[in-house]
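So that the names make sense, note that chain A is the first sequence line, chain B the second, and so on, each numbered from 1. Any value given below was found using the heavy atoms of this structure, including those in side chains, with hydrogens, waters and symmetry copies removed.
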Amino acid sequence: MHPNSDFMHRCELVDLTRVAQGCFRLKLYAPALTGAEPGQFVHLRAGSSTDPLLRRPFSIHYVDQKAGEIWLLIRVVGPATSALSRLRPGAELDLLGPLGNTFPAREEAAAAMLVAGGIGLAPLYFLARRRLEAGLAFDLLLGGAEGSSLPGDAFFDCAGLKPMLATEDGSRGFKGTVVDLLKQRLESGEKPSRIHACGPVPMLARVVDLGKIYAVPVHISLESLMACAVGACLGCVFPFKINGMLEYRRVCRDGPVFNGEEAHFNFV
Amino acid sequence: MHPNSDFMHRCELVDLTRVAQGCFRLKLYAPALTGAEPGQFVHLRAGSSTDPLLRRPFSIHYVDQKAGEIWLLIRVVGPATSALSRLRPGAELDLLGPLGNTFPAREEAAAAMLVAGGIGLAPLYFLARRRLEAGLAFDLLLGGAEGSSLPGDAFFDCAGLKPMLATEDGSRGFKGTVVDLLKQRLESGEKPSRIHACGPVPMLARVVDLGKIYAVPVHISLESLMACAVGACLGCVFPFKINGMLEYRRVCRDGPVFNGEEAHFNFV
Amino acid sequence: MSDSCLSATIAGITMANPLVAASGCYGYGFDYRHCIDPACWGAIVVKGTTLHPRLGNPPPRLVETPSGLLNAIGLQNPGIAYFLKYIRVRLPELGCPVLVNIAGETLDEYRRLAALLNGVDEVAGLEVNISCPNVKKGGISFGCDPALVYELVCRVREAYRGPLIVKLSLEAGNIVSVAEAATRAGADALSLINTIKGMVIDVQKRRPVLGNSTGGLSGPALRPLAVRAVWEVSQAVSVPVIGMGGIMQAEDALQFILAGSAAVAIGTANFVNPAVPKEICDGLKRYLADNGFTHYRELIGLARPGS
Amino acid sequence: MSDSCLSATIAGITMANPLVAASGCYGYGFDYRHCIDPACWGAIVVKGTTLHPRLGNPPPRLVETPSGLLNAIGLQNPGIAYFLKYIRVRLPELGCPVLVNIAGETLDEYRRLAALLNGVDEVAGLEVNISCPNVKKGGISFGCDPALVYELVCRVREAYRGPLIVKLSLEAGNIVSVAEAATRAGADALSLINTIKGMVIDVQKRRPVLGNSTGGLSGPALRPLAVRAVWEVSQAVSVPVIGMGGIMQAEDALQFILAGSAAVAIGTANFVNPAVPKEICDGLKRYLADNGFTHYRELIGLARPGS
Ligand SMILES: Cc1cc2nc3c(=O)[nH]c(=O)nc-3n(C[C@H](O)[C@H](O)[C@H](O)COP(=O)(O)OP(=O)(O)OC[C@H]3O[C@@H](n4cnc5c(N)ncnc54)[C@H](O)[C@@H]3O)c2cc1C
Ligand SMILES: Cc1cc2nc3c(=O)[nH]c(=O)nc-3n(C[C@H](O)[C@H](O)[C@H](O)COP(=O)(O)OP(=O)(O)OC[C@H]3O[C@@H](n4cnc5c(N)ncnc54)[C@H](O)[C@@H]3O)c2cc1C
Ligand SMILES: Cc1cc2nc3c(=O)[nH]c(=O)nc-3n(C[C@H](O)[C@H](O)[C@H](O)COP(=O)(O)O)c2cc1C
Ligand SMILES: Cc1cc2nc3c(=O)[nH]c(=O)nc-3n(C[C@H](O)[C@H](O)[C@H](O)COP(=O)(O)O)c2cc1C
Ligand code: FES
Ligand code: FES
C-alpha cells in the first residue's frame, strides 16, 4: 500500500457539459473507479489553494465501463463547485474513492421508486440506469423549483430514462414538489417495493413519513459537510434512533445510504 | 470620488505571451492608465480566494497609448504570479494604480545607464523606450543567471532596443553578473550622467557602491512586500540614512524609486 | 433602502453607518482618498499614536500567511505632539468622525496621552490600545491582567472626558474578565480583537521572516476567533462592542453584528479592496430589505440563544 | 538519503520519523489504510478517549473557514473500557507506536484513565488533553491554570509509568507558564497547539452554524500562531516539544522544527491529502540533502537567535 493506491487517483477531465441552469456534467477518465456502485461517492479536491481548504464529496453519477469513465453531476453552490464548473477538458483532478456504501436490494417483485430532489438526481440516475440495464422495474421521480434547473429531455432520452418531473412553478411536469408527486402516486394506490430517495434533508424527512404511512421501506442518501470522508474524524454524523436510543452515524462511512426509518429527523 | 474611481480599475487581459523561461508579458486594455510614467506600478489582485490574500505589485512595463494598453512583465515565483501566468485573454483583472513615483531627470548631456537584474527589466524597458522616443541617449544593461531566463533578441529588436547582456553561465553576452559588466564599463572610463537600477537588493547595493566610487548618481527602484500600496499601513518600508539618522521610508508611496546613496543597505 | 437604516451611535459618537476603519490600516485617513471618499466610513481610527515619535520595527514588517497577514509595524508614528500640531487640523477634511488610537509604555504615558487629547475638537474619541503585540514594553502585557486594565482605564478616564473605547486582545485568555474590568473602569465601548501574535520562519534562511521575529495576525484566518470573542464579550458587558477581525464582505460584517457587535471595524480588507466600506454598506442595506428589517440595530446579537 | 536521517526518540518512544498523526484526525489509525500504510507514521495518537462513552455534540459538527476548519466533535468515543477490550488488541497491526489521547472531566477521571492504561503493552504512551475546546466540563478550563495543570499532571504521572505527553492550548494566554507547570509535574514531552475556540454564524438562519455553537479552529489559518507558540515554549522548557497546527507540507513541518519542535503532528492536512506523511518525509529528506545536513535532529530550533 502506498499513496496513489487503491483510493487515491489523479484523473483527467474528459468532458464538461452544462446540462441545466447552474448544473454541469463532468466525465473523468478513471478506469480504476469503474467498479463503483450507485450510492458511492468520490471526495474531490478543487484547486491547490488553502481556501477552500477541504475536499468536497460528489456522488458517482454514472460509470461508463467501456470508456473507463466516471461521471459527476454538479450543481454550482459555492467556491469549490464554481471552480469545478470553470475547468476545461484536460485538467487533472485529485480524487479519493470510491467511498461509502450503496443502494441496497436491486432485485424485487414490484417496481422501486427513485425519488430525487434537485441535484439528488446524481446518484439516482446511476441507480436508474443500472436497474434499466438489469431489466429491473422502477419509476424515477424528479423535482425542482423551476423547469430550467432540471436537465432537459435529451439528457434522459439518450439514457433511455423517462423521469416523472415535478416543478414548483409548474413549468415542466407535475406542479408541486416531488414529495407532492410521490404522495399522489401512493394515494392513488401504487405500491412500490421500496423507495430510494436523495435530496435536501427536509425532503427526505417527508419521504420517510410517507413511507411509514404507506408501509414502504425507504432508503435515503444523506448529505453532510465532510472532512476526511473515510470515517476518521466523526465530523459528518447524522442522528439516528436505534431501539429508542440516540446514536450518531457517519454519513461517509456508515452511509451515505441509510434506512430512512431510523433517521432521527426531528433532532436536527 | 467613488469606487472604480481614478485608481481602481477592472481591465481586460488582451494578450499573454511567454517571453523567457518562467517569464510572461501581459497586455491589458486600460486607457485610464496610459498616463503612467516609467517607475510607477500597479497593485493587482490575482483571483478572489483569500489565499493568496493580498494584491501584488507589478511595475508598469510599457504603455501603448495608441492601443490604450499597459503591459506587465511577470516572472513566476509563487501562487499569485503562477495564477497570472495561467490566465487567458478575455480575463478581467482588478488593479489599483498608477502608484508610486517615477524615474527622475530624463534629459541630460551624457547617456544614462539603465542596469536591470532579471525581472528588474520590467520598468527599465519602459524607461528605455521612453528615452528612445525622446531621443535621449542611454545604455541598457541586463543580467540573468542563464540566457534562457532573459527574453530573446526579437523581444528587444522590435522595440528598437539593443541591450548589453550579462549571464552568469556566459551563455549570452558578457560572462558574469550585470554588476560585473557595469563595473567593467565604468573602469574602462565611461561616465554616464546617472545610473537607473532595478533588481534584487544585493545587486542594487553593489550598483550604489560603484556609483559612489565613480561619482555617478544612482537611482534605484526597490522591491518590498506590500499590503496597501498607498502609504497607509507602513508595511513596505526600507531603511534610509538621512543626515546620519536612520529613517524608514515607504517603498510604495515615497518610492519605489529612491536616491541610491541614501539607502541604508547594511542595515538589512 | 434609505441610508438612515445604518445610522449608529457608539459611545456617544454619531456615525452615518456602523463601519469603522481599523487603526493602523488607514493611516490618518488620507491615503485612500484617490480610491474612495473617506466620508463613506462611519468613523476612522487613526494609526496608534504614542507620546514620543517611534521609528517602528526593522523590515521586513509584513508576511502573508494562509488567508492572513502578519504585521510587525511596531507602532511607527510621529508622536502625539506632531499629531496635534500638523495632523489634527486636517482631520475635518475627512468628513467623518475620527478617533485616535493611543498606546503607552507605562500607565502614566497612557494618562498623559489622554490628557493631551482631552478637549481636542477634531478628535471624536479615544481608542485605548492595550493589546498591540508588536511592542516590547507595554502593549500586550497590559491587556492580559484585569486588575492592571482596570487601573489603566481609570487613569485614562480621569484624564479624558470624551468617548472612550478600549481595544482588547484575544491573547489574554480571559478576554471576558478584561472586558468587564475595562467597563467597570468607565470604558464607553470596547473594540475587539486586535491581532494575535504569530510567526513565520523562512526555511531557506532558517530564521524568522519578520525583522521583529513575531508579528500580529490579521485577516480572514482570524475571523472565527474574533466572532467567538464578540459573542462572549457582548453577552458579558452592557456597553457596545465594535467587532473586527477578517471582515471582507457584508456577510462577514453580519456575522459580527448578529454575534453582538454594535459596529464593525475593517482593517486588512482595505488592502485587498479599497471599496470595501461602500460594498459592505450596500450589502447590509440589501440584507435588511431582503429580510424585512428596518434598521441594522435590530440585528445586533440576534444569533444569540433566546433572541 | 537513507531513512535513518529521520529517526526520532521522543519521551523515550522510538519512532521511524518525527511525524505524528494528530489526535482526533486519524480515528484509531485504521480508517486511512486504503490510502496509505499507517506504518509510514512515526507515531499515531488515537482519538480523545474518556472514562465513559461519549455521544459527542449534535451536528453540524464541521464548518470550513478561510484556510481553516472549525470542528465540534465533542470527544465522541466509545470509552476506555471499550478501547481496552476491542481496540487495544488490534493496534499492533498499525506497525508504528500508538499513543492514547485522554480527556477527563475531573482530576480523578484523568488519574483513573492513566491508571487503566498503565502497563498496557500495545500503548506506547499517553497524550493528556488538557485543552479540548469542545467539552463543557473539564477540557479547556484545566488547561489555563498553571497550578491546576501541575496538580493534574502530578496525578497522572503517579498513575502512569510510561511516556507522558501533555497537550497544551494557546488559549491559556500564558502558555509558557502552563508548559513549565506540566514539565515540573513530570511530563516527558509537550504537544502543542490544540485547536482554538471559534465560531461561524449562519447569516440566513441567524444562529451559529455548529450544533455546539463554538468549535475548535485547525488548519493553515492557525499555523503562524502555532509556530510562535512552539518558538516560545521550546525555549522555556527542556523536554521535547511536538509542534502542530496547520502543517500541510514539508516546508511547514520545517518551520516548526526550526522553531524548536522535536517532532510534528499533522491533523487537518490528512483530510486534504492522505499521502501527507509520506510527502513530508520525502520533503524533509530532500531538504537535509540539499542543505548538507545528515539528520533532521540538527535542525531543531535552528532558527532561534544564536543558533
Ligand atoms: C455523499 C455526498 C454526495 C454529494 N453528491 C453531490 C453531487 O452529486 N452533486 C452535487 O452538486 N453536490 C453533491 N453533494 C454536495 C456537495 O458536496 C456540495 O454542494 C459542495 O461541497 C459545495 O461546495 P462549494 O465549495 O461549492 O460550496 P460551499 O461553500 O461548501 O457551500 C455553499 C453554500 O451552499 C450550501 N450548500 C452546500 N451543499 C449544498 C447543496 N447540496 N445544495 C444546496 N446548498 C448547499 C452551503 O451550506 C453553503 O451555504 C454531495 C454531498 C455529499 C455529502
Ligand atoms: C514596486 C514593485 C514592482 C514590482 N514589479 C514586478 C514586475 O514588474 N514583475 C515581476 O515579476 N515582479 C515584480 N515585483 C515583484 C512581485 O510583486 C512579486 O514577485 C510577487 O508579489 C510574487 O507573488 P507570488 O504570490 O507569485 O509569490 P510569493 O509567494 O509572494 O513569493 C514567492 C517566493 O518568492 C519570493 N519572491 C518574491 N518576490 C520575488 C522576486 N521579485 N524575485 C524572486 N523572488 C521573489 C518570496 O520571498 C517568496 O519566497 C515587484 C515588486 C514591487 C514591490
Ligand atoms: C498593518 C497593521 C497595522 C496595525 N496597527 C494597529 C495599531 O496601530 N493600533 C491598533 O490598535 N491596532 C492595529 N492593527 C490591528 C487592526 O486595527 C485590527 O484590530 C486587526 O487588524 C484585525 O482586523 P482586520 O482583520 O480587519 O485587519 C493593525 C493591523 C494591521 C494589519
Ligand atoms: C476533527 C478534529 C478532531 C480533533 N479531536 C481531538 C481530540 O480528540 N483530542 C485532541 O487532543 N485534539 C483533537 N484535535 C486537535 C488536533 O489533534 C490538533 O491539535 C489540531 O487539529 C491542530 O493541528 P492541525 O491544524 O494539523 O489539524 C482534533 C482536531 C480535529 C480537526
Ligand atoms: S467525514 Fe470524517 S468521519 Fe465522515
Ligand atoms: S504597502 Fe502600505 S505603506 Fe507601503
Side-chain angles (χ1 to χ4, degrees), chain B residues 1-10 43-57 78-80 94-99 201 222-240 245-254 263-268, chain C residues 21 24-40 46-48 54-77 209-211 215 218-221 223 246 248 267-279 282:
Chain B
M1 273 185 284
H2 60 94
N4 296 318
S5 70
D6 310 13
F7 277 67
M8 300 173 66
H9 312 274
R10 303 201 133 267
H43 206 34
L44 191 153
R45 191 164 182 201
S48 61
S49 151
T50 62
D51 175 58
L53 177 64
L54 297 175
R55 288 170 182 268
R56 298 288 195 268
D94 171 352
L95 43 84
L96 232 61
L99 300 166
V201 168
L222 283 170
E223 282 199 6
S224 176
L225 189 71
M226 291 185 179
C228 72
V230 299
C233 75
L234 308 179
C236 63
V237 299
F238 195 89
F240 289 82
M245 294 277 289
L246 176 66
E247 208 175 273
Y248 291 121
R249 296 204 173 159
R250 297 165 301 182
V251 172
C252 68
R253 181 71 171 268
D254 306 318
H264 194 11
F265 290 110
N266 300 340
F267 189 84
V268 215
Chain C
C25 303
Y26 225 69
Y28 292 98
F30 300 98
D31 298 310
Y32 275 105
R33 272 182 312 173
H34 294 290
C35 298
I36 191 163
D37 183 356
C40 70
V46 304
K47 177 68 194 161
R54 279 180 66 99
L55 205 53
N57 287 324
R61 291 179 173 184
L62 300 174
V63 57
E64 207 178 307
T65 68
S67 299
L69 170 64
L70 275 191
N71 88 78
I73 310 301
L75 287 178
Q76 173 176 346
N77 81 97
V209 170
L210 295 176
S218 66
R223 194 196 305 141
M248 304 297 286
T268 305
N270 292 292
F271 308 152
V272 179
N273 176 17
V276 73
K278 207 185 155 316
E279 286 179 14
D282 291 347

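Between B/H43 and B/L99, some side-chain heavy-atom pair lies under the 4.5 Å cut-off. Counting heavy atoms from C-beta on, the side chains of B/C228 and C/D31 never come closer than 4.5 Å. Looking at B/F7 and B/V230, their side chains never come closer than 4.5 Å, going by heavy atoms from C-beta outward.
Cation-pi geometry between C/R61 and B/Y248 is satisfied (NZ or CZ under 6.0 Å from the ring centre, within 45° of the ring normal).
With respect to chain B, the highest number of heavy-atom pairs below 4.5 Å among C/C25, C/P58, C/P277 belongs to C/P58. Comparing B/G235, B/A229, B/G231 by how many heavy-atom pairs each has under 4.5 Å with chain C, the most go to B/G235. Per-residue heavy-atom pair counts under 4.5 Å with chain C were compared for B/P52, B/S224, B/C236, and the maximum is reached by B/P52.
Interface remark: B/L96 contributes side-chain atoms only to the contact with chain C (heavy atom separation under 4.5 Å).
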